[in-house]
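Protein chains get the first letters and strands the later ones, always in sequence-line order, with residue 1 at the start of each.
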Number of protein chains: 2
Amino acid sequence: MVKKQNTEDKIVEAAKKVFIQKGMDGARMQQIADEAGINKALLHYYFRTKNKLFEKIFSLVFRDIFEVLEMAVMKELSFEQFLEQFITEYIALLKRKPYIPQFVIHEINRKPQRIVDQMKNTKFDKQQLFALIEQAAEDKRIRPIPPVHLITNILSLCLFPFVAKPIITGFALDGDKEKYKTYIDERPEQVITFVKQALFL
Amino acid sequence: MVKKQNTEDKIVEAAKKVFIQKGMDGARMQQIADEAGINKALLHYYFRTKNKLFEKIFSLVFRDIFEVLEMAVMKELSFEQFLEQFITEYIALLKRKPYIPQFVIHEINRKPQRIVDQMKNTKFDKQQLFALIEQAAEDKRIRPIPPVHLITNILSLCLFPFVAKPIITGFALDGDKEKYKTYIDERPEQVITFVKQALFL
DNA sequence: ATCTGTTTTAACTATTTGGTTAAATCAATT
DNA sequence: AATTGATTTAACCAAATAGTTAAAACAGAT
């Protein structure tokens, strides 16, 4: 046996890259093979069909998304702790895997039901989080706010900078990639401050 | 001559729908023809190539995006007025044309440079907006905040609910479409309050 | 040395799809 | 009635692409 694990990994990495950039429809098996440094025949030898390969990538990417989400909520933190920790860790995750949002949005369009189903299968407990927010409001630690709005607020503030990277860089930051890096580094603090100010009495 | 204008419009509407849902690669000329209630031959009779048709849709959608953006900034409003008016009108625009964000994000991935270039060609003056924010901070009317962060914050809060519609509906709102409608109706007020609280001293 | 699973090569098939064409039909205008 | 442009029908072409196949080469394990 030759170093096998390596080839499959190379394929997965290549497929991730191509699928994310081009989407399922735009992706070409040949390009994935090229990107992985192998040929089409071998690609099909590992993953029989384009669809099977895509499913693999999809589930991998999806696992990534909930990695932090689950962690943060399972820890039984106070709302205040949750806020800081979630924002910090979620943006950190997105820095490591900035392709996630684009990929998910792409799929939301293609097969909305699929992505919703996947979400329901996760350990993440939305009720718990809702309760945490409502409790904090009852205790007058934060001003009252519908949980759905607060959660979508936080998520949007974390996600948007990665989805809109080219626009932010090209348009607001004069195409300066260094400035974008700085901007992203500032984000956790900026978002935490923004949300805290918006919430705490 | 038969009612001509009508057919071209039908094609544009159909193409918009299909291109947005499937992206340039996923879209099929046959599906666009079906959706428009005509046949492929006639479709090519109006728009010679898929690419030409896509370009048409792209420029139409793009015009929509900056419609409100330009309007809001050109009016020489105070920062406070700008905030309320922009958020209200931008969310209203997105309610009318909820497909815009998905489409743009799709294109950001496919051809980032193109979308940035288009943005530069618009009348929208980023410096003016930056100055407005910095002035408000200098006057101590709001707490200091880097303009890029504030702008991306506002945009994300407005855009995200439309991009993530299926997830919000399916996951957070028990798949209840009425709840989503309510949620969206509440949005302008919620976002305005959120941002104001976050900013004003 | 032989065996086994990996990888390459290269040609091939089947299907999808964008785009074309030509002839016929239709509907309004003249 | 004749003209003109819009629309349909239906067949077709060419290119791209997913997927297959068979044979050979290769590399490590036994």
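Atom NE2 of A:His44 is separated from atom C1' of C:dA10 by 16 Å (rounded to the nearest Å). Protein atom CG of B:Leu43 is 16 Å distant from nucleotide atom C1' of D:dT9, rounded to whole Å. Between the CD1 atom of A:Ile38 and the P atom of D:dC26 there is a distance of 18 Å, rounded to whole Å. Protein atom NZ of A:Lys50 is 11 Å distant from nucleotide atom C1' of D:dA16, rounded to whole Å. One atom, NZ of A:Lys22, and another, P of D:dA18, lie 12 Å apart when rounded to the nearest Å. Nucleotide D:dA18 holds its P atom 11 Å from the CG atom of A:Asp25, rounded to whole Å. The nearest whole Å value for the distance from the CD atom in B:Gln30 to the C1' atom in C:dT20 is 14 Å. Distance, A:Arg48 CZ to D:dT21 P: 12 Å, rounded to whole Å.
Minimum atom distance to the side chain of B:Met29 is reached by C:dG19, of the listed C:dG5, D:dA6, C:dG19. Comparing D:dT20, C:dT8, D:dT8 against the side chain of A:Leu42 picks out C:dT8 as the nearest. With C:dT20, C:dT7, C:dT8 as the choices, the nucleotide that has an atom nearest any side-chain atom of A:Thr7 turns out to be C:dT7. Listed nucleotides D:dT7, D:dT9, C:dT17 differ in distance to B:Ala41; the shortest reach to its side chain belongs to D:dT9.
Judged by atom type and distance alone, A:Lys40 reaches the base of D:dG19 through a side-chain donor-acceptor pair under 3.5 Å.
More than 12 non-hydrogen atoms from other residues, nucleotides or ligands lie less than 6.0 angstrom from CD of A:Glu80. For NZ of A:Lys165, the number of neighbouring non-hydrogen atoms (other residues, nucleotides, ligands) closer than 6.0 Å is 12 at most.
Side chain to side chain, A:Gln85 and A:Glu89 meet the donor-acceptor criterion of an N or O pair below 3.5 Å.
The side chain of A:Tyr46 places an N or O atom within less than 4.0 Å of a non-bridging phosphate oxygen (OP1 or OP2) of C:dT7. In terms of phosphate contacts, A:Tyr45 brings a side-chain nitrogen or oxygen within less than 4.0 Å of OP1 or OP2 of C:dT6.
Aromatic pair A:Phe103/A:Phe19: ring centres not closer than 6.0 Å.
At the heavy-atom level, B:Ala33 lies nowhere under 4.0 Å from the strands shown.
Using cut-offs of 30° and 60° on the angle between ring planes, the pair B:Phe79 and B:Phe82 is tilted.
For the pair A:Arg28 and B:Asn39, nearest-nucleotide mapping onto DNA chain D gives the more 5' position to B:Asn39.
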